[in-house]
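Have a look at the structure below before the remarks.
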Amino acid sequence: MVGARDLKKIGDFLYEIPTSHRSDMRVPARFYADDRLLDGITGDRSLEQLVNTATLPGVVRYVLAMPDIHQGYGFPIGGVAATELPDGVISPGGVGYDINCGVRLLASPLEADAVQPHLDQLATVLYANCPSGVGQGGPVKLKPGELDEVMQNGARWALKRGFATEADLDRTEEGGCLAGADADRVSARARDRGRGQVGTLGAGNHFIEVDVVDRVQDEDTARRLGLFSGQVVAQIHCGSRGLGHQVCTDYVNLFQKTVRKYGLTLPDRELVCAPAGSPEGRNYLAAMQAAANYAFANRQVLAFHIRRSFEQVLAGRVKNHHLFQIYDIAHNMAKIESHTVDGRRLTLCVHRKGATRAFGPGSAVLPAAYRDIGQPVLVPGSMGTSSWVLVGTAGAMDQTFGSTCHGAGRTMSRHQAKRSVHGAGLREELETRGIKVRAGSLSGLAEEAPGAYKDVDRVVEVVHGAGIARRVARLTPLAVIKG
DNA sequence: ATGTGC
């Protein structure tokens, strides 16, 4: 267990666990927090997991955790670890079971007052059009061989099928398509699980939300993104469903063997990995990218059905309900990126698990329209609480390999939450606050109770204060759709 | 997170 005495405070919102803490650490471990969040962080195994990642072969500079850190499989959720190619390792546990879990934000030109009278119907129609729940299949029938196209081309596949516009792709991380994806590295079992699930939401913390922009923190940047106070927007939070889950399972199993083959010593079995430049490592990367493309396509099809739902409910009732895309980000992904470490330009495998890329102004990979303001960062809060739109900063490039937080972060396990919260009562409470709720499972709802999460406003305050993202606008929910 | 775990 890592306790308060093992920590060194090295900045207003920054702590370090030095390599003297444990003899197998190759680099220090750093994490961002304030005093209040610190209490929760030292209460579970997440810092010990972070220290474990500091022992990985090829890890550079320091491993990092964001203020929304909590316990995960092997790596903590909210963790960032960068390893140098080709001998530095890639680990499926550093990405997570939900490969390219991420968030998409669509914005309408409408004020909340115009939508309010139709909100109940909108929630019902969204729930009907966007299938959710564990194991749930979806509306898209793929032709033979078409699943390969989804995995190779991601949101580009969706464009060809009429589910996307060029503008959507332009405002998606990586253009919605990772070029290195190789569908041949994805097992038959993973394909079987994913075949019928394109355009579905899933369960757990995944959701579709209709929100209103309730606070604008930076007027200029908000305007540049197309956001204004009182505006109705829609958020999608979901990933690669059963396909990504199976890809992770397959490679975790396979990598049990590669750990021995390459003579790797690990403090936790859950950190199984392979050198990123080895055949096994490259195969996982290609399969992970295929699953990531599937997730981009999934969110794109959901966006299409959200647009259709707005059309169905609002056409003829309001003047313009077109939903344009602000951005789509991944928060479970390993990326091959170039970063400067101690004055040297290195090619790194950056694992972001429950962490968001937050590239600052000037980055060539950003859409032209956003290049001078930095990458939009979408931070969903817990159910019934606010969410945030941030932008990446030069500070993130300097401090965190261009990364920041991804959400509120759990304080209670799912099991704990289910025991202490009643789903029906929670729904009642949300509805009393004027939030429309459509949920397939009441126990699923209980697992996502706001009380089971940290305060997202505080998490965002820390990353803003630390300079690894900048606050632009806050969103508050009008309607929530869940599995 | 997940065709949910002992």
Side-chain angles (χ1 to χ4, degrees), chain A residues 44 46 49 68-79 91-104 130-138 147 186-208 235-253 270 284 287-288 290-292 294-296 298-299 302 329-334 351-356 380 382-383 406-419 423 439-449 452-453 481-483:
Chain A
D44 67 9
S46 57
Q49 291 188 322
D68 48 336
I69 181 177
H70 57 111
Q71 232 172 279
Y73 179 86
F75 288 58
I77 294 161
S91 174
V95 173
Y97 274 85
D98 192 2
I99 295 166
N100 189 7
C101 187
V103 186
R104 180 173 296 219
C130 305
S132 61
V134 178
Q136 190 55 249
L147 182 61
V186 174
S187 70
R189 196 169 180 194
R191 290 154 182 271
D192 284 345
R193 289 181 67 176
R195 191 163 284 114
Q197 295 188 320
V198 176
T200 65
L201 192 57
N205 63 0
H206 290 168
F207 64 76
I208 289 169
Q235 244 186 131
I236 305 167
H237 177 209
C238 71
S240 51
R241 306 293 330 278
L243 186 141
H245 192 274
Q246 190 64 43
V247 167
C248 184
T249 303
D250 290 339
Y251 282 88
V252 162
N253 291 338
E270 293 184 352
Y284 168 67
M288 185 215 69
Y294 179 96
F296 282 132
N298 189 29
R299 287 195 289 276
L302 282 167
I329 56 96
H331 56 221
N332 281 1
M333 187 94 92
H351 300 77
R352 294 190 186 91
K353 180 193 196 176
T356 312
S382 53
M383 184 174 54
H406 90 302
R410 279 191 170 277
T411 53
M412 253 186 238
S413 69
R414 294 180 185 285
H415 188 70
Q416 247 179 313
K418 218 178 329 200
R419 255 186 334 202
S441 147
L442 284 177
S443 67
L445 204 67
E447 288 184 3
E448 297 306 318
Y453 283 85
I481 283 81
K482 291 190 70 73

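- With sequence neighbours excluded, no residue forms a side chain to side chain donor-acceptor pair (under 3.5 Å) with A/H351.
- In this view, A/A292 and A/I99, A/N100, A/L178, A/M333 satisfy the side chain to side chain contact (heavy atoms under 4.5 Å, CB included) rule, not counting sequence neighbours.
- Per the geometry, CZ belonging to A/R414 stands 9 Å off P belonging to B/dT2, to the nearest Å.
- Between the NE2 atom of A/H245 and the P atom of B/dT4 there is a distance of 10 Å, given to the nearest Å.
- Partners of A/D250 according to the side chain to side chain donor-acceptor pair (under 3.5 Å) rule, which considers only residues two or more places apart in sequence or in another chain, are A/S187, A/Q246.
- Applying the side chain to side chain donor-acceptor pair (under 3.5 Å) test to A/D68 and every residue at least two apart in sequence or in another chain returns A/H406.
- Evaluation of the side chain to side chain donor-acceptor pair (under 3.5 Å) rule for A/R414 yields A/E447, A/E448 as partners, not counting sequence neighbours.
- Note: OH (A/Y294) to P (B/dT2) measures 11 Å, nearest angstrom.
- In this structure, A/E448 atom CD and B/dT2 atom P are separated by 11 Å, rounded to whole Å.
- If you measure from atom OH of A/Y73 to atom P of B/dT4, you get 18 Å, rounded to the nearest angstrom.
- Between A/R241 and B/dT2, a side-chain N or O to OP1/OP2 separation shorter than 4.0 Å is present.
- Note on A/R189: a base of the nucleic acid sits closer than 4.0 angstrom, heavy atoms only.
- Within the nucleic acid shown, A/Q71 has no heavy atom closer than 4.0 Å to any nucleic acid atom.
- Rounded to whole angstrom, the span from the NE2 atom of A/H237 across to the P atom of B/dT2 amounts to 10 Å.
- Contact check of residues 131-138 of chain A against DNA chain B (heavy atom, cut-off under 4.0 Å) returns A/V134, A/G135.
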